Amino acid sequence: MTKRILAVLANSVLALSMATGAAVLAAPAQGADEFVPAVVFDQGGKFDKSFNEAAYNGAERFKKETGIAYREFEITNESQREQAMRNMARRGASVIAAVGFSQTAAVDKVSREFPNTKFCLIDDKLELPNVQSVTFKEHEGSYLVGMLAAMASKTGKVGFVGGMDIPLIRNFLTGYEQGVKHVKADGEVITNMTGTTPAAWNDPTRGAELAKSQFGRGADIVFAAAGATGLGVLQAAVDSGKLGIGVDSNQNWVHPGHILTSMVKRVDVTVYDCMKTAKDGSWKAGHRVVGLKEEGVGYALDENNRKLVTPDMEKAVEEAKQQIIAGQLQVKPYQP
Amino acid sequence: MARGMAGKGFGMPGEVPGWVNYALLPLLNLLAAFVLSGLVILVIGENPLDVLALMVTEAVGYPEAIGYTLYYTTSYIFTGLAVAVAFHCGLFNIGGEGQAYMGGLGAGLVGLAMTGWPWPVVAVAAVLVSALFGAAWAWIPGWLQARRGSHIVITTIMFNFIAASIMTYLLVDVLIKPGQQSPETREFDPGTWLPSMDRALGWIGIEVAPSPLNLSFAWALACCALFYLFLWRTRWGYEIRTVGQNERAAVYAGISPSRNIVLAMLISGALAGFVGVNEILGVQHRLLLNFTGGVGFVGIAVALMGRNHPLGIILAALLFGMLAQGGGQVSFEYPTVNRELVMVIQGLVILFAGALENLFKPQVEALFRRPPKKNEGTRNEGRA
């Protein structure tokens, strides 16, 4: 009996040490000439049906078109950011897409340590020789959905549910408010933020409660800029017979016929372009600000919400869009 | 120290050798957690032994990994001690998270204000101010419990949210570096940073790989020693433990429960506040949102598993440090083992170490108890 136990123990120790050896050996075996893209997602996780999922879709599109697999990592705490970035670079990633402004400090530090690795930072500005950074004019896209909301509203009151109260979300809000006022000078925007911890991005129950209270105060359209919390907001809109507005990804399909439109932020295109250009050699460092003109933001119109947007509404929004692109109409961003 | 470990009134008194309670049972619980985790990993189609081996390698297999593991351990020691000191007074402090957050605010303000000062001065100031902020944050729930009978579990957990709201307000509207998206302050002057371990050991000629591990690890160990001396070697510690074991008896002995409840909470908050020194002055070098990342809650598991004794807390903090570091790294190699699964493993460890603490206890104790017909009721310490 004792012998058998000992044998089992010896076997498992052997297996352990072999596995350890294999893991250590496997790490540098990834050839340096091989093209390995990588994505580091933010704390929302890659399936938030919104911001991070847009980045995931971009990476998946690249994988499907080229057949090249990518490495990925989802951040769970603040100190992992730098470590994750460095691990990707050390294990031979050719280009790393860092999703979210919270990654800025980590990209800043690690990109200096690995000058031959390319980095793409989304949602913040960083100017280094091997970093490409992209920010979006969320206020321009929000302006258009704000106009649509004001035109579709019967009460003249519209709602806004944000995730955490941070500058980025205030940028959505300020554009939205300007869009509403553009259509109805006396229009009212009822605003709520979900919370003060990262849990605010993932609290659909709370989102639904906030949306219902806004409906109770007279709003009949609600714009959710709150990650997965927004799913609860949209559900509440359906349950109460009102309309919701989605964010980041095109969310019109979530509840067809009940979602007026979605304020899309083309993070997927950015991630895809980042990987694609790095692969074919046309990748460039530097900062880009993308708005309506560059089609980095916009509003979604498809068969799911076609009946909700009348030709008059579409015409007015398209007009405003052209004016913004031409610079005749100024949308003010949020200034921290 | 041995007296503290096996002495009566600490843990279960009785006829079972001390090492069964303090070493064998935690190990059995840990083993059970790992076996169950292994089954989960098997179900999703990976080899549990490979995953475990990788986890261990990534936690202690090379110098940088050890640095990261010990860095996580540092914060867990602080919050583990914070929860333990409250436990000894019969209080369940769930507010470690908020107290650590406020401690970080204290450390951050010191870092911002003391530009140009040498780091030892800044470090001492940051330790004092973070302790002050953490203690102040724990004082209110402590006072409410002692004088008004408001339940400490409710008030401390509510204070976590108030702390989060205050920090969000301060970082979004007041302390944010102008012109940036991210709600963070400017970086502190490099001269004020708490030296990382690789820098500090470099001064005495020892080369180690760079990692976030910094001098606050030494402070954490010192806190463990001070914790022991305070609780088991001073009058105040004795009073706190007496209140924790029996409030009425304490009153009979002329000890004021309300005074000791407030005192225990002040110490608890100060210990949790030191997380801010590790994270803000030692690693991030700027004040940012959510740097605590749940350390206050892990501290509860650490204190439970460590049986509220400093030695146990160090070991338990080390285990959770290994899980945090090794577990995080596993998802690099195994995309199927995502972060949710790592949380499942950590959750199982907490479940077995904390909630199911007594699962194997009757059987194991029966195994080590002497047959009842001989020497019934006597202690058999000779066996250990």
Side-chain angles (χ1 to χ4, degrees), chain A residues 11-12 14-24 26-27 38 41 43 45-47 69 71-80 82-84 86-88 90-91 100-105 108 113 123-125 135 164-171 193 195-200 334-336, chain B residues 47 49-54 56-58 61-62 64 68 71-72 75 97 160-169 171-173 176-184 187 211-212 279 283-286 288-295 324-325 327-329 331-333 335 338-340 342-343:
Chain A
N11 268 334
S12 34
L14 205 67
L16 266 171
S17 51
M18 272 168 69
T20 318
V24 170
F41 295 103
Q43 290 205 22
K46 63 179 172 181
F47 295 126
R71 280 174 171 272
E72 59 180 315
F73 191 76
E74 292 172 275
I75 298 290
T76 45
N77 70 49
E78 289 298 328
S79 39
Q80 271 182 345
E82 199 182 307
Q83 193 186 7
R86 189 174 291 127
N87 261 322
M88 290 293 186
R90 192 183 290 147
R91 292 176 196 210
F101 62 78
S102 308
Q103 321 269 27
T104 312
D108 189 8
E113 291 170 24
D123 260 4
D124 207 351
K125 185 179 175 182
T135 51
M164 253 176 101
D165 189 6
I166 53 171
L168 180 78
I169 295 302
R170 290 187 182 183
N171 204 25
M193 297 289 178
T196 50
T197 63
Y334 170 75
Q335 285 298 337
Chain B
N47 183 344
L49 279 182
D50 290 355
V51 173
L52 183 66
L54 182 68
V56 173
T57 317
E58 290 292 344
Y62 51 96
E64 192 197 333
Y68 268 94
Y71 147 71
Y72 286 115
S75 288
E97 191 78 5
N160 288 341
F161 288 100
I162 304 176
S165 303
I166 291 178
M167 290 296 278
T168 305
Y169 164 70
L171 282 169
V172 172
D173 287 320
I176 189 171
K177 180 179 157 195
Q180 72 178 12
Q181 278 284 345
S182 190
E184 299 168 351
E187 202 169 60
S211 71
E279 296 283 349
V283 184
Q284 307 285 359
H285 309 308
R286 63 208 147 87
L288 71 169
L289 288 178
N290 314 313
F291 63 85
T292 48
V295 288
Q325 161 62 13
Q329 297 294 306
S331 43
F332 267 107
E333 292 300 328
N338 54 14
R339 59 178 189 171
E340 282 79 13
V342 172
M343 276 172 80

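Every heavy atom of this structure was used, including side-chain atoms; hydrogens, water molecules and symmetry mates were not. All figures in this text were calculated on a predicted structure; none of them were measured in a lab. Throughout, a chain's letter reflects where its sequence line sits, starting with A, and its residues are numbered from 1.
When the ring-ring contact (aromatic ring centres under 6.0 Å, His included) test is applied to B:Y62, no partner is found at least two apart in sequence or on another chain.
Taking each heavy atom of B:G328 and A:F73 in turn, the nearest pair found is O-CE1, 3.1 Å.
Between chain B and the options A:D124, A:N87, A:T197, the largest number of non-hydrogen pairs under 4.5 Å is found for A:N87. Counting heavy-atom pairs closer than 4.5 Å to chain A, the top-ranked of the candidates B:S211, B:G294, B:A164, B:G293 is B:A164. Counting heavy-atom pairs under 4.5 Å between each of A:E74, A:Q43, A:E72 and chain B puts A:E74 at the top. For chain A, the option among B:E184, B:R286, B:E187, B:Q329 with the highest count of heavy-atom pairs below 4.5 Å is B:Q329. Counting heavy-atom pairs closer than 4.5 Å to chain A, the top residue among B:E279, B:M167, B:E64 is B:E64.
Looking at A:T104, neither its backbone nor its side chain comes within 4.5 Å of chain B, counting heavy atoms on both sides. Heavy-atom distances place the side chain of B:E58, and not its backbone, under 4.5 Å from chain A. Using a 4.5 Å cut-off between heavy atoms, A:A84 touches chain B through backbone and side chain atoms alike. Interface remark: B:Y71 contributes side-chain atoms only to the contact with chain A (heavy atom separation under 4.5 Å). Residue contact with chain A, scored on non-hydrogen atoms closer than 4.5 Å, is absent for B:N47.
Residues A:Q83 and B:Q325 have side chains that bring a donor and an acceptor to within less than 3.5 angstrom of each other.
Under the 4.5 Å side-chain criterion, counting only non-hydrogen atoms from C-beta, B:V172 is in contact with A:R170. Using a 4.5 Å cut-off on side-chain heavy atoms (C-beta onward), B:L289 and A:I166 make contact.
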Please walk me through it: do B:N290 and A:M164 pass side-chain contact (heavy atoms from CB on, under 4.5 Å)? CA-CA 12 Å; B:N290 314 313; A:M164 253 176 101; 4.2 Å; yes
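At least one donor-acceptor pair under 3.5 Å links the side chain of B:T168 to the backbone N or O of A:T196.
We find the OG-CE distance between B:S165 and A:M193 to be 13.0 Å, quoted to the nearest 0.5 Å.
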